[in-house]
Structure formats: C-alpha cells, structure tokens
Enquirer: 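To start, I am sharing the structure in question, which I have written as structure tokens.
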Amino acid sequence: MKQWTQHYIDGARRPIRASASVRIHDSSTEAPLGEVSLGSAEDVAAAVAAAARAQPGWQALGAAGRAPYLLALADALEGCAAELATEISREVGMPLKLSRRIQVDAPIAAWRATAALADTFAFVRTIGNSRVTLAPVGVVAAITPWNYPLHQITAKLAPALLAGCTVVLKPSELAPAVTERLMAACEQAQLPPGVLNLVLGGAEVGEALVAHADIQMVSFTGSTAVGRKVAAQAAGDMKRVSMELGGKSAAVVLPGADLARAVKATVSSCFLNSGQTCSATTRLIVAREDYPRCRSLLAEAVTAMKLGDPAEGDTRIGPLLSAVQRQRVQAHIAQAEQAGFDRIAGGPDAPVPATGYFVAPTIYGNVAPESRLANEEVFGPVLAVLCYDSVDEAIALANGTRYGLAAAVWAADDRAGEAVANALRAGQVDVNGARFNPAAPFGGFGMSGVGREGGVYGLEEFLEPRAVQLP
Ligand code: NAD
C-alpha cells in the first residue's frame with residue numbers, strides 16, 4: 001500500500017511529521033490504495049515562508065522569463081500522462097479513456113496555453129496620463145478538490161505562476177496521486193525553490209493556510225459550504241479571494257429544439273465522471289408537452305451507457321470516489337423516492353456491480369422546483385427533469401437555484417438560443433451543444449463563486465493593478 005508522507009517545500013521534499021492520516025481506496029475494487037499523512041500548521045508556516053522568500057526573485061524574472069518554466073512543467077507532466085490518467089481513474093472512478101483526455105491531456109494543454117499568454121497579455125497599459133502596471137498579488141494559497149485534481153490545480157497554478165505570484169498548494173487529501181507527480185515535475189523543470197510549495201493535509205492545514213498573515217490571496221475550489229468558511233476567514237484581513245464552488249446547472253430545451261440531441265448531451269454532461277463534476281447539467285428543463293417523449297428518450301439514453309470497470313474501453317460510467325460519497329448520493333435518491341417523483345431510470349434498487357462505489361445513473365421526472373433534488377448539488381449521477389409552460393417560466397426555473405455555474409440552451413435556431421442564454425445567471429452557457437472553450441472565463445454567479453478561471457480572466461485574478469500618474 002502506498003504511503004504519501006512528504007510535502008514539497010522550498011524546492012525539496014520534506015517528511016510530514018503527521019499525527020493523523022487518511023486512507024484512500026480504489027474506487028472500483030474498494031481495495032486500499034494508500035495512506036495520506038496530514039500535515040500541520042507548522043508545515044504551512046514553513047511553506048509560506050519559502051514562498052514569501054521566493055516571490056521577489058520570481059517576479060523579477062518577468063513573464064517572459066517565467067513562461068519557460070510553465071512549459072517545462074507541462075513537458076514533465078506529459079512524460080507521466082499515462083500513469084497519471086490511470087491513477088486518477090482509480091482514485092475518482094472516471095473511465096480511463098476519458099481520464100486521459102479530460103483529467104490529464106486537457107490540463108497539460110492549459111499549462112501551455114497559459115505560458116503563451118506571456119507573449120500577448122499587456123501587463124502594462126497606458127490610460128490617459130496613467131501607466132497601469134498589473135503586478136502580482138504576491139503569495140497565493142491554492143486549495144483544490146479531488147474530482148478533477150490536475151485540472152483544478154492547473155487552473156490556479158499556471159496563471160498564478162505566470163503572473164509572478166508564488167504559491168502554496170494544498171491539494172485534496174482524497175486524490176493524492178497528482179501531488180507526487182507534480183513534485184517530480186517541479187524537480188524536472190528545475191523550478192526555483194519556494195516558487196511552488198505543496199502541503200498535504202485536510203481542513204486543519206487548509207485553515208492554517210487561509211489564516212496565515214503572509215498569504216495575500218486565497219484561490220479556492222471546492223464545495224460552497226467550505227468556500228463560505230474560507231471566504232469569511234480570508235475577509236478578516238482583506239485577502240483577495242477567488243472561489244470556484246458548487247453548481248446545479250440547467251439545460252433548457254426550448255420549444256422546437258432538437259430534443260433527442262438535447263437529451264443525449266444532457267445525460268452525457270450529467271453523468272460525466274459519475275456526476276462528480278461541478279458544471280454538470282443536473283437539471284433538464286423541458287416544455288410540459290414534450291415530457292412524454294423526453295421521458296422515453298432519457299430512458300433509452302441511459303440504457304446505452306455502460307456502467308462498470310473504469311479500465312474497460314466501453315465503460316461510460318464508473319464508480320464514485322468513496323463509500324462516503326456513495327452514501328451521500330444514495331441519501332439524495334432516497335429523498336427523491338420519498339417525494340414521489342417520476343423515476344425514469346436507476347433508483348435505489350437498480351443493479352450495480354457488487355464491488356466498487358457504484359450508483360446507477362438515476363433520473364427523476366416531474367421534479368418539484370422547490371424540492372431538495374431541484375436545488376441541492378448531489379455530486380453523483382442523478383438528473384432532475386422539470387417542466388415549464390412558457391419560456392419565461394423556463395428561464396425562471398433555470399435561474400431558480402442559489403447556484404449559477406453553468407447552463408445549456410437548446411433552441412430551434414442559435415440566435416434564439418443566445419437570447420435565452422443571455423437571460424441566464426450562469427458563468428458559462430453552451431448553445432445547441434457548442435463545445436467547451438478553455439480560453440473562455442469559467443466561474444459562477446451567486447453561490448457558485450467569486451471570480452473566474454481560464455484564459456486572460458484567470459490570469460487577471462492574480463494581478464493587482466497599480467496606476468502611476470505621469471506629469
Ligand atoms: P471540499 O469543499 O470538501 O474540499 C475542497 C478542499 O478544501 C479540499 O482540499 C479540502 O481539504 C479543503 N478544506 C476542507 N475544509 C477546509 C477548511 N475549513 N479550510 C480550508 N480548506 C478546507 O470539496 P470536495 O469534496 O473536495 O470537492 C467537491 C466540491 O467541489 C463540489 O461541491 C464541487 O461542485 C466543487 N467544485 C467546484 C468547481 C468549480 O470550478 N466551480 C470545480 C470542481 C469542484
């Protein structure tokens with residue numbers, strides 16, 4: 001069984017003097033995968049001190065001097081891409097084929113795309129008699145979740161480092177494989193000591209990091225519940241925050257849209273990574289008269305999705321991360337049963353493999369807008385279908401939760417779709433199945449967060465404008 005017992009601080013691996021650890025399991029065999037030692041506030045202090053020492057030198061390199069390190073990190077990660085895809089697949093349950101493409105190749109491309117911004121991004125701008133310099137915020141605490149571990153780490157580290165910030169990263173203790181790969185990548189890229197520091201731990205380490213006086217910014221991705229605590233703590237000394245939180249994203253199918261395509265795409269989004277995706281479209285909003293046809297299309301779409309071993313090529317849905325996550329999702333399903341919604345697929349007794357943290361893809365129809373299922377993030381393979389009687393009502397339903405991360409609109413023509421997209425309070429809206437754009441801003445309205453990641457928007461999060469007026 002693997003032991004994760006090291007931090008990476010000031011350019012070197014440091015043993016964790018742990019008093020506690022967490023055991024993680026293979027999501028599809030339930031066999032123990034390893035034990036992660038949890039660090040302490042003392043370790044955090046050492047990491048922050050190293051980052052603070054390194055920051056002026058890193059800033060002095062300039063973006064053009066820093067970008068090659070980002071490219072070297074991308075190359076190093078590419079060298080272990082196959083291993084990493086397998087490790088993440090075992091940890092979180094995503095089918096291996098998708099894991100390689102989404103969990104590993106996409107973030108590596110993002111490291112490179114961020115490095116390229118060094119050539120095009122205007123760090124100095126002239127506005128009238130002011131010279132505005134976008135200066136690095138300083139020392140950044142990055143705290144990330146387990147569901148797309150390398151992606152979420154990359155979305156913070158690549159722009160923070162390019163901006164000239166130094167970073168202390170606390171990745172999720174529940175998906176540790178990426179941590180070790182990243183340490184090796186820092187060594188291979190010969191990143192100057194202290195520029196990137198990794199501390200392993202749970203809530204205690206996270207809290208110590210957020211509270212540290214020498215942290216200037218907290219970039220957090222995780223649940224809304226924890227994000228709230230982190231933001232409140234950071235507000236104490238006015239640290240800048242960036243919050244990427246939960247979602248309950250809607251797919252709105254307007255009258256006359258291609259219902260079959262909309263259903264297929266919604267089901268794919270909702271069940272991607274077994275529903276462990278913040279931006280998953282977990283609410284399907286359809287015209288009442290389309291509901292009977294929608295119902296049978298949904299049932300058909302689920303039948304075509306193979307649930308099983310993530311290592312097998314034709315598996316579309318793997319297990320969840322852990323027994324704890326499975327139990328959480330099962331509780332949501334039990335509640336939906338109690339509420340008496342129209343079960344279209346799955347449910348509490350649907351067959352699943354005997355071993356592994358599986359939950360069958362589950363769909364409920366005629367879900368009441370005020371119900372928990374229509375409002376709470378499940379973070380598992382559960383789709384809620386809601387019906388509307390007018391387009392205004394469809395928009396109101398889509399905007400009717402406290403979240404606002406992503407959405408999809410399906411319409412008979414793209415312009416009509418765009419008009420409705422502009423009425424939605426969501427940070428990302430796809431019209432008629434348009435593809436994901438990694439350079440577009442990603443983030444949420446409302447309780448889905450504060451700030452944006454991706455492209456130039458992601459870079460600006462880590463920059464502080466300084467205006468100098470010239471005579
Ligand atoms: P989580 O909130 O439990 O944990 C996130 C991170 O915060 C982990 O590293 C955890 O150790 C740390 N943490 C826990 N308590 C803390 C505290 N008191 N102070 C500081 N740090 C603390 O989330 P999770 O279960 O790892 O991830 C799933 C959640 O993340 C879902 O709600 C999902 O929607 C959200 N998410 C959002 C996005 C986005 O971009 N908006 C992306 C992925 C995941």
Side-chain angles (χ1 to χ4, degrees), residues 63 70 102 106-107 109-118 120-123 125 132 134-138 140-145 147-148 150-165 167 169 216-224 226-228 230-231 234-235 238-250 277-281 377 399 401-408 418 421-431 434-465:
L70 272 65
I102 301 174
W111 276 99
R112 296 196 170 118
T114 307
L117 292 176
T120 54
F121 187 81
F123 285 90
R125 301 159 188 194
V132 180
L134 300 181
V137 171
V140 171
I143 300 177
T144 54
N147 58 329
Y148 290 85
L150 182 61
H151 165 79
Q152 285 131 1
I153 287 170
T154 303
K156 300 184 184 317
L157 263 47
L161 295 182
L162 186 71
C165 298
V167 180
L169 166 69
Q216 273 98 30
M217 171 173 171
V218 180
S219 177
F220 175 87
T221 300
S223 61
T224 294
V226 175
R228 243 180 170 155
V230 169
M238 230 31 103
K239 291 179 173 114
R240 181 186 280 209
V241 292
S242 159
M243 295 274 145
E244 295 288 337
L245 309 175
K248 190 75 194 179
S249 300
T277 303
C278 54
S279 56
T281 45
E377 183 180 54
N399 288 337
T401 76
R402 61 184 194 150
Y403 292 114
L405 190 56
E418 191 177 350
N422 279 320
L424 299 185
R425 289 181 56 78
Q428 284 246 338
V429 191
D430 303 333
V431 175
R435 68 181 184 283
F436 179 69
N437 176 3
F442 183 95
F445 282 53
M447 296 295 260
S448 287
V450 176
R452 294 292 183 267
E453 293 187 330
V456 293
Y457 293 86
L459 180 56
E460 282 170 357
E461 291 287 324
F462 296 97
L463 293 165
E464 196 77 85

Enquirer: Does Lys156 come within less than 4.0 Å of Glu244, counting only side-chain N to carboxylate O?
Expert: no

Enquirer: Between the main-chain N or O of Pro441 and the side-chain N or O of Gln428, is there a donor-acceptor pair closer than 3.5 Å?
Expert: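 It does hold such a pair.
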
Enquirer: Verify, without hydrogens or angle tests, whether Arg425 (side chain) and Leu405 (backbone) share a donor-acceptor contact under 3.5 angstrom.
Expert: no

Enquirer: Mind checking the CZ-OG spacing from Phe462 to Ser242? Nearest 0.5 Å is all I need.
Expert: 6.0 Å

Enquirer: Is the shortest side-chain heavy-atom distance between Ser279 and Phe436 below 4.5 Å?
Expert: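 The answer is no; the side chains never approach within 4.5 Å.
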
Enquirer: What distance separates Leu169 CG from Ile153 CD1, expressed to the nearest 0.5 Å?
Expert: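 One gets 5.0 Å once the value is rounded to the nearest 0.5 Å.
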
Enquirer: Mind checking whether Leu134 and Phe121 have side chains closer than 4.5 Å, heavy atoms only?
Expert: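 With C-beta onward as the side chain, the pair touches.
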
Enquirer: Could you tell me whether the side chain of Asn147 reaches within less than 4.5 Å of the side chain of Gln152, counting heavy atoms only?
Expert: yes

Enquirer: What are the two closest non-hydrogen atoms of Ser249 and Ala280, and how far apart are they?
Expert: CB-O, 3.4 Å

Enquirer: Does any N or O in the side chain of Ser448 come within less than 3.5 Å of the main-chain N or O of Gly404, such that one atom is a donor and the other an acceptor?
Expert: yes

Enquirer: How close do Gly427 and Arg452 get, heavy atom to heavy atom, and via which atoms?
Expert: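 The pair with the smallest heavy-atom distance is CA-NH2, 4.1 Å.
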
Enquirer: Roughly how far, to the nearest 0.5 Å, is OG of Ser223 from CE of Met447?
Expert: 10.5 Å

Enquirer: Rounded to the nearest 0.5 Å, how far apart are CZ of Arg435 and CG of Asn437?
Expert: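 Rounded to the nearest 0.5 Å, the CZ-CG separation comes to 7.5 Å.
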
Enquirer: Do other residues, nucleotides or ligands put more than 12 heavy atoms under 6.0 Å from the CZ atom of Arg228?
Expert: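 Open.
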
Enquirer: Treating Glu464 as the side-chain partner and Val137 as the backbone partner, does any N or O pair qualify as donor plus acceptor under 3.5 Å?
Expert: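 No, because the side chain of Glu464 does not come within donor-acceptor range (under 3.5 Å) of the backbone of Val137.
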
Enquirer: Specify the closest pair of heavy atoms between Pro159 and Gly458, including all atoms of both residues, with the distance to one decimal.
Expert: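 Scanning both residues completely, I find the closest heavy atoms to be CB-O, 3.7 Å.
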
Enquirer: Using a 4.5 Å cut-off on heavy atoms from C-beta on, say whether the side chain of Leu245 contacts that of Phe220.
Expert: yes

Enquirer: What's the shortest heavy-atom distance between Phe123 and Leu459, and which atoms?
Expert: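 Shortest heavy-atom separation between Phe123 and Leu459 comes out as CZ-CD2, 4.1 Å.
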
Enquirer: Report yes if some heavy atom in the side chain of Tyr148 is under 4.5 Å from a heavy atom in the side chain of Pro107; otherwise report no.
Expert: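 The answer is no, as the side chains (C-beta and beyond) never meet within the 4.5 Å cut-off.
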
Enquirer: Within a strict 4.5 Å, meaning less than it, do heavy atoms of the Glu377 and Thr224 side chains meet?
Expert: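 In short, these two side chains do not touch, never coming nearer than 4.5 Å.
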
Enquirer: Would you give the length of the straight line joining atom CG of Leu157 to atom SG of Cys165, rounded to the nearest 0.5 angstrom?
Expert: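 Nearest 0.5 Å value for the CG-SG distance: 10.5 Å.
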
Enquirer: With a cut-off of 6.0 Å (strictly less than), are more than 12 heavy atoms of other residues, nucleotides or ligands near OH of Tyr457?
Expert: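 Atom OH in Tyr457 is not crowded, with 12 or fewer foreign heavy atoms closer than 6.0 Å.
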
Enquirer: Considering residues, nucleotides and ligands other than Arg112, do more than 12 of their heavy atoms fall under 6.0 Å from its CZ?
Expert: yes

Enquirer: Measure across Ala160 and Val167 and return the closest heavy-atom pair with its distance rounded to 0.1 Å.
Expert: CB-CG2, 3.8 Å

Enquirer: For residues Val241 and Ala231, report the shortest heavy-atom separation together with the two atoms involved.
Expert: CG1-CA, 4.5 Å

Enquirer: Does the side chain of Asn399 come within less than 4.5 Å of Phe445's, by heavy atoms?
Expert: no

Enquirer: Rounded at 0.5 Å granularity, tell me how far CD1 in Ile102 sits from OG1 in Thr277.
Expert: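 Between atom CD1 of Ile102 and atom OG1 of Thr277 there are 8.0 Å.
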
Enquirer: State, yes or no, whether a side-chain contact exists between Arg125 and Pro465 at a heavy-atom distance under 4.5 Å.
Expert: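 No. Closest side-chain heavy atoms not under 4.5 Å.
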
